[in-house]
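Structure first, commentary second.
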Amino acid sequence: MSDLLSLAAAIASGSVQVIDLTSPLHHDTPILGLPPEMGQTARFELEEISRYDDRGPAWYWNNFTTGEHTGTHFDAPNHWVTGKDLDDISQVPVTRMIGPAAVIDKTAEVAANPDYLLTMDDITAWEAANGTLPDGGWLLLRTGWSKFGDDPAAFANADEQGPHTPGLSPQAARYLAEETKLLGFGTETVGTDAGGAFGFDPPFPCHSLFLGNNKYGLTQLRNLDKLPATGAVVIALPLPIVNGSGSPCRVIALV
Ligand code: 23J
Ligand code: MN
C-alpha cells in the first residue's frame, strides 16, 4: 500500500490518532486585551441570518465577526513590524503548515509560577533527552494553561501589573527564532508571548523574533497533554485572508 493509503487506513483503524488541538469559537472565547489607548481586537460573535423560518424556510446560517487573532489562531509574519515585508496569512505556503511536533512540558513549573519563562537551559535539557529540535517542526509549549480556557478572567490572570501567563524568555525566543529551522512556536495561552512580555527586551520577543525570521505562531492550543514529546505531526490550517495578519485555524495532531 502507498504511504498515503497506509496513513488513511491507520486513521480509520485508530492506530494513528487524530487529536484536536483547537479551542472552540464562541462569544466567550478569550481574546487579548491591550492597554485602552490602543486598538482592540473583536471577540467572536454570531449573527443569525435565518433559522428554518420566514427569513429562510429550509436553512440555518449565520454571519460571524471576530478579530483575526481570536481563539486558536495562526500569526503570519506580517503581523509584526519586524516581518512587515514577509508573507501575509494568504501567502504562507501550505507545506509550511505541517510539521513534526516537539513538545516541551513545563506544566509543573507553571503551576508554581504563572509567569514562568522557558529558558535556554530548558531547551538544552529537552534536546539532550529528545534530540535536536526538528527542522520544519512546530515547537509546542505545554503548560496546562488551557484548563482556564473557558474562564476568560482566569485565562488572562491579570492584576494591576498586567497579565501573568507563561511564555519564552527573550534568550530562548532569540535562539529558537534565529538558530533553528522550526516553522514556529505554539502555546496554550492567548498569545505566543508571555503576559509580561511588553516589558521585555525586546518587547514581545516571541512575536518580534519569530515573525521577523519568517516563522509563525499558534495560540490557545488544547490537548497538548495527549501528545508525546516527539513523534506527532501537527497540521495548522489558517484561512487564506488576502492581506491578513493571521487567522483563526483548526489545528490537529496525528499521533
Ligand atoms: C497584538 C499586540 C500584541 C500581542 C498580540 C497582538 C498577540 O498576542 C497576537 O495574538 O498576535 S501580544
Ligand atoms: Mn496572534
Side-chain angles (χ1 to χ4, degrees), residues 21-23 25 29-44 65-84 86-92 96-97 114-118 138-141 143 145-146 148-149 152 155-158 161-170 172-174 176-177 182-222 234 236-241 243-251:
L21 307 185
T22 317
S23 300
L25 280 170
T29 299
I31 54 171
L32 185 71
L34 289 176
E37 65 274 18
M38 294 184 174
Q40 304 295 328
T41 190
R43 62 177 59 256
F44 186 87
T65 53
T66 194
E68 295 171 325
H69 296 254
T70 299
T72 301
H73 72 269
F74 193 117
D75 287 344
N78 74 336
H79 176 43
W80 220 254
V81 63
T82 49
K84 66 183 170 55
L86 301 176
D87 286 346
D88 72 40
I89 194 67
S90 74
Q91 295 168 324
V92 172
R96 286 174 50 82
M97 298 175 186
D115 291 307
Y116 188 82
L117 303 178
L118 191 79
W138 288 106
L139 176 62
L140 306 179
L141 179 59
T143 57
W145 206 261
S146 62
F148 302 122
F155 200 71
N157 196 33
Q161 276 75 52
H164 295 275
T165 57
L168 297 179
S169 67
R174 184 172 298 280
L176 294 167
L182 289 169
L183 292 176
F185 174 63
T187 63
E188 297 184 38
T189 47
V190 73
T192 55
D193 266 296
F198 183 66
F200 294 0
D201 181 20
F204 303 111
C206 187
H207 282 84
S208 180
L209 291 159
F210 269 76
L211 302 180
N213 282 281
N214 201 31
K215 293 180 168 68
Y216 314 124
L218 294 175
T219 63
Q220 282 190 53
L221 300 171
R222 293 189 171 191
V234 164
L237 300 176
L239 299 175
I241 302 169
N243 293 322
S245 73
S247 165
C249 68
R250 198 75 183 244
V251 185

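Just so you know, these numbers come straight off a predicted model, no measurement behind them. Counting starts at 1 for both ligands and their atoms, following the listed order.
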Item to complete: Give the ring-plane orientation class for W138 versus Y216, where under 30° counts as parallel, over 60° as perpendicular and anything between as tilted.
Response: tilted
Item to complete: Quick one: sort the W80 and F204 rings into parallel, tilted or perpendicular, breaks at 30° and 60°.
Response: perpendicular
Fill in: D75 contact mode with ligand 1 (heavy-atom cut-off under 4.0 Å)
side chain
Worksheet entry | H69 N/O/S atom closer than 2.8 Å to the Mn ion (ligand 2) | yes
Discussion item. For atom 6 (C) of ligand 1, what's the nearest protein heavy-atom neighbour? Residue, atom name and distance, please.
Written reply: H79 NE2, 3.4 Å
Worksheet item: Do V92 and P77 have side-chain heavy atoms sitting under 4.5 Å apart?
Response: yes
Worksheet item: Looking only at N/O atoms, are H73 and ligand 1 under 3.5 Å apart anywhere?
Response: yes
Fill in: Interfacing atoms of ligand 1 (cut-off 4.0 Å, heavy-atom, H69)
9 (C), 10 (O), 11 (O)
Discussion item. Test of understanding: given a 4.0 Å heavy-atom threshold, classify the contact between F198 and ligand 1 as side chain, backbone, both, or neither.
Written reply: neither
Worksheet item: Is the distance between the Mn ion (ligand 2) and the nearest N/O/S atom of D75 smaller than 2.8 Å?
Response: yes
Discussion item. Please tell me whether T219 and H69 have a donor and an acceptor in their side chains that are separated by less than 3.5 angstrom.
Written reply: no
Worksheet item: Under 3.5 Å, is there a donor-acceptor pair linking the side chains of H164 and D115?
Response: yes
Worksheet item: Heavy-atom distance to atom 9 (C) of ligand 1: which of Q40, M38, H207, Q220 wins?
Response: H207
Item to complete: Mark yes or no for whether S23, through its side chain, and G71, through its backbone, hold a donor-acceptor pair below 3.5 Å.
Response: no
Worksheet entry | Reported CZ-to-CG distance for the pair F210 and D75, which is rounded to 0.5 angstrom | 11.5 Å
Worksheet, complete the sentence: If we number the atoms of ligand 1 from 1 as shown, the ones under 4.0 Å from a heavy atom of F204 are 12 (S)
Practice prompt. Please say whether D193 places an N or O atom under 3.5 Å from an N or O atom belonging to ligand 1.
Written response: no
Discussion item. Donor-acceptor check, side chain of Q220 to backbone of T187, threshold 3.5 angstrom: yes or no?
Written reply: no
Item to complete: State the OG1-CG distance between T192 and L139, to the nearest 0.5 angstrom.
Response: 11.5 Å
Worksheet, complete the sentence: Among non-hydrogen protein atoms, atom 3 (C) of ligand 1 lies closest to W80 CH2, 3.6 Å
Worksheet entry | Those atoms of ligand 1 less than 4.0 Å from some heavy atom in G191 | 8 (O)
Worksheet item: Do any of the N/O/S atoms of H79, backbone or side chain, fall under 2.8 Å from the Mn ion (ligand 2)?
Response: no
Practice prompt. Mark up the atoms of ligand 1 that fall under 4.0 Å of a heavy atom belonging to L32, in ascending order.
Written response: 3 (C), 4 (C), 5 (C), 6 (C), 7 (C), 8 (O), 12 (S)
